[in-house]
Amino acid sequence: MTDSDTPRSGDKKPKKNGVVKKRQNNEPETPAAAEAAALPNGPSAVDDDSHAARRSSISRPSRDLRDEPPAKRRRRNRHRRSREAQAKVDEGKPKAPTEADSLSNRSESPFIDFDGLSRPSRGTRERVGESKEQAALRLDRMKGAVTTLLECIGENPDRPGILDTPKRYAEAMLWFTKGYQENVRDIVNGAIFQEGHNELIIVKDIEVFSMCEHHMVPFTGKMHIGYIPNNAVIGLSKLPRIAEMFARRLQIQERLTKEVANAIFEVLQPQGVAVVMESSHLCMVMRGVEKTSATTITSCVLGCFERREKTRNEFLSLVGVNRR
């Protein structure tokens with residue numbers, strides 16, 4: 001081979017099938033590398049997609065939409081009002097609300113409705129708005145149901161000792177469940193005062209009587225309510241009244257604790273709310289496992305009590321839950 005036959009570094013490689021292949025310094029070596037190089041962001045895009053694919057499947061626990069900083073809540077409400085106003089402009093003149101619309105209208109809260117009732121059903125609104133004649137008819141229906149129960153258990157409804165039992169039981173049941181027709185706004189009655197206070201406030205040992213919705217027998221106990229104000233405080237008597245309103249209905253202790261905490265949080269908008277309840281359930285004492293000394297403790301913490309362990313422990317220590 002002569003010097004003229006020796007390929008020089010600047011010469012092109014021989015043609016293959018009539019095509020000249022010129023190798024670049026940054027030419028991809030493998031099909032995977034070629035695919036990565038073809039992406040808009042280069043090879044790093046593959047890593048980003050792989051990282052997204054390997055992202056942890058554990059999601060954050062659900063939180064109440066209201067348990068967020070006031071500034072963020074104001075922005076969210078402002079944006080919502082802006083969207084609603086724009087929707088009305090787009091639709092033209094808004095239609096007059098009908099009775100069906102008013103019954104289906106609900107606030108964002110699952111605990112307090114737009115008119116102050118809590119968890120209202122169709123029967124709740126019928127009971128609230130009934131006349132004296134309708135109330136008497138309701139009582140008669142309940143008396144008939146109790147008479148049927150007495151007959152079914154083998155009693156004689158005409159026996160002198162229980163002759164008036166259907167009426168007494170019906171009236172007692174209406175009293176036990178009077179919380180269905182009570183209004184949170186009427187209970188609070190504007191008793192919220194701007195005092196610039198931001199320290200822990202506790203009302204403890206609130207006696208609570210409620211009815212188990214599974215067996216319709218009572219459960220009784222004590223409730224402890226604490227909150228840290230955001231400048232505004234509520235009348236102390238309003239806390240037991242709110243607890244009484246939710247207790248006077250068919251309940252389970254877990255939901256009762258949660259409803260009281262969320263109602264106070266919505267009405268007062270404090271930094272945090274904590275509610276603890278201790279009770280004894282007759283459905284466990286008189287029947288079933290028949291454990292007379294068993295006590296059930298439930299809690300619900302919102303806001304700063306949920307975020308700060310030190311604040312939560314201070315509340316639990318002051319109410320004496322961990323005294324034993």
Side-chain angles (χ1 to χ4, degrees), residues 111-112 116-121 123-124 127-128 135 138-139 142-143 145-146 149 162 164-189 191 202-227 234-265 267 273-300 319-321 323-324:
F111 305 100
I112 301 177
L117 295 175
S118 60
R119 285 198 294 115
S121 65
T124 301
R127 183 174 172 182
V128 171
R138 178 188 298 272
L139 185 63
M142 295 179 69
K143 289 164 56 178
V146 177
L149 286 175
I162 60 175
D164 291 333
T165 296
K167 178 182 178 182
R168 287 192 292 262
Y169 184 84
E171 292 175 344
M173 186 58 63
L174 289 173
W175 174 262
F176 295 155
T177 59
K178 65 186 179 73
Y180 282 118
Q181 60 194 91
E182 292 183 334
N183 191 303
V184 176
R185 296 174 184 171
D186 294 339
I187 290 176
V188 175
N189 196 25
I202 297 176
V203 178
K204 60 182 293 187
D205 294 333
I206 302 170
E207 292 183 339
V208 173
F209 305 90
S210 190
M211 296 286 291
C212 170
E213 68 179 27
H214 299 148
H215 303 96
M216 291 185 68
V217 294
F219 64 91
T220 64
K222 293 183 178 181
M223 182 176 289
H224 318 291
I225 302 175
Y227 73 97
I234 191 171
L236 293 178
S237 67
K238 305 305 179 183
L239 300 179
R241 290 181 187 276
I242 292 175
E244 178 80 358
M245 184 198 74
F246 285 103
R248 292 297 186 179
R249 57 184 68 191
L250 300 183
Q251 278 283 14
I252 61 173
Q253 182 176 333
E254 297 87 340
R255 185 174 64 232
L256 173 57
T257 308
K258 183 179 178 181
E259 286 181 336
V260 172
N262 281 277
I264 296 172
F265 196 90
V267 168
V273 175
V275 176
V276 171
M277 183 174 178
E278 308 172 76
S279 67
S280 175
H281 294 248
L282 290 187
C283 58
M284 291 178 58
V285 174
M286 297 178 61
R287 55 161 299 282
V289 295
E290 298 183 356
K291 300 301 180 183
T292 58
S293 61
T295 301
T296 303
I297 301 178
T298 53
S299 68
C300 180
V319 300
V321 172
R323 60 185 179 273
R324 289 185 293 271

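Quantities reported herein were computed from a predicted structural model and do not represent experimental measurements.
Listed by chain and residue number, E130 satisfy the salt bridge (Lys or Arg N to Asp or Glu O under 4.0 Å) test with R138 (two or more places apart in sequence, or in another chain). The salt bridge (Lys or Arg N to Asp or Glu O under 4.0 Å) test applied to K143 returns D140, not counting sequence neighbours. Residues satisfying the ring pair (Phe, Tyr, Trp, His ring centres under 6.0 Å) test with F219, not counting sequence neighbours, are H281. Here A145 pairs with nothing under the side chain to side chain contact (heavy atoms under 4.5 Å, CB included) rule; sequence neighbours left out. In this structure K178 satisfies the side chain to side chain donor-acceptor pair (under 3.5 Å) test together with E182, sequence neighbours excluded. For L236, the side chain to side chain contact (heavy atoms under 4.5 Å, CB included) test picks out I201, V203, with sequence neighbours left out. In this view, T257 and T298 satisfy the side chain to side chain donor-acceptor pair (under 3.5 Å) rule, not counting sequence neighbours. Under the rule for a side chain to side chain donor-acceptor pair (under 3.5 Å), the partners of R248 that lie at least two apart in sequence or sit in another chain are E244. Here A261 pairs with V273, V275, C300, L302 under the side chain to side chain contact (heavy atoms under 4.5 Å, CB included) rule; sequence neighbours left out. Residues meeting the side chain to side chain contact (heavy atoms under 4.5 Å, CB included) test with E171, sequence neighbours left out: L139, K167.
Here the side chain of Y180 pairs a donor or acceptor atom with the backbone of L250 at under 3.5 angstrom. Judged by distance alone, with hydrogens and angles left aside, the side-chain atoms of Y227 form a donor-acceptor pair with the main-chain N or O of I234 at under 3.5 Å. For N189 (side chain) and A191 (main-chain N/O), no donor-acceptor pair under 3.5 Å exists by modelled atom type. Using a distance-only test at 3.5 Å, with no hydrogens or angles considered, no donor-acceptor pair links the side chain of E278 to the main chain of M223. With hydrogens and angles disregarded, a donor-acceptor distance shorter than 3.5 Å links the side chain of S210 to the backbone of A247. Proximity of a side-chain donor or acceptor of R249 to a complementary backbone N or O of T177 within less than 3.5 Å is not detected.
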Check: Taking it one step at a time, do Q253 and T296 satisfy side-chain hydrogen bond (donor to acceptor under 3.5 Å, both in side chains)?
Finding: CA-CA 8 Å; Q253 182 176 333; T296 303; 4.5 Å; no
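The distance from atom CZ of F209 to atom OG1 of T220, rounded to the nearest 0.5 Å, is 6.5 Å. One finds the CD1 atom of I162 at 5.5 Å from the OG1 atom of T165 (value rounded to the nearest 0.5 Å). Distance CD1/I264 to CG/L239: 5.0 Å, rounded to 0.5 Å. In this structure, NZ on K258 lies 12.5 Å from OG on S299, to the nearest 0.5 angstrom.
Residue E207 qualifies as open at atom CD: its count of foreign heavy atoms under 6.0 Å is 12 or below.
For the residue pair L256 and M277, the shortest heavy atom distance occurs at CD2-SD, 3.6 Å. Nearest approach of A294 to S280, heavy atoms of both residues: O-OG, 4.0 Å. The two atoms that bring A243 and V260 nearest to each other are CA-CG2, 3.9 Å, heavy atoms only. When all heavy atoms of V146 and P166 are compared, the pair lying nearest together is CG1-CA, 3.6 Å.
At least one side-chain heavy atom of L174 sits under 4.5 Å from a side-chain heavy atom of M142. At least one side-chain heavy atom of M211 sits under 4.5 Å from a side-chain heavy atom of M173.
Identified under the salt bridge (charged side-chain N to carboxylate O under 4.0 Å, His left out) test for residues 280-298, with sequence neighbours left out: none.
Partner K222 forms a side chain to side chain contact (heavy atoms under 4.5 Å, CB included) with one of V276, I206, D205, V208 and no other, that one being D205.
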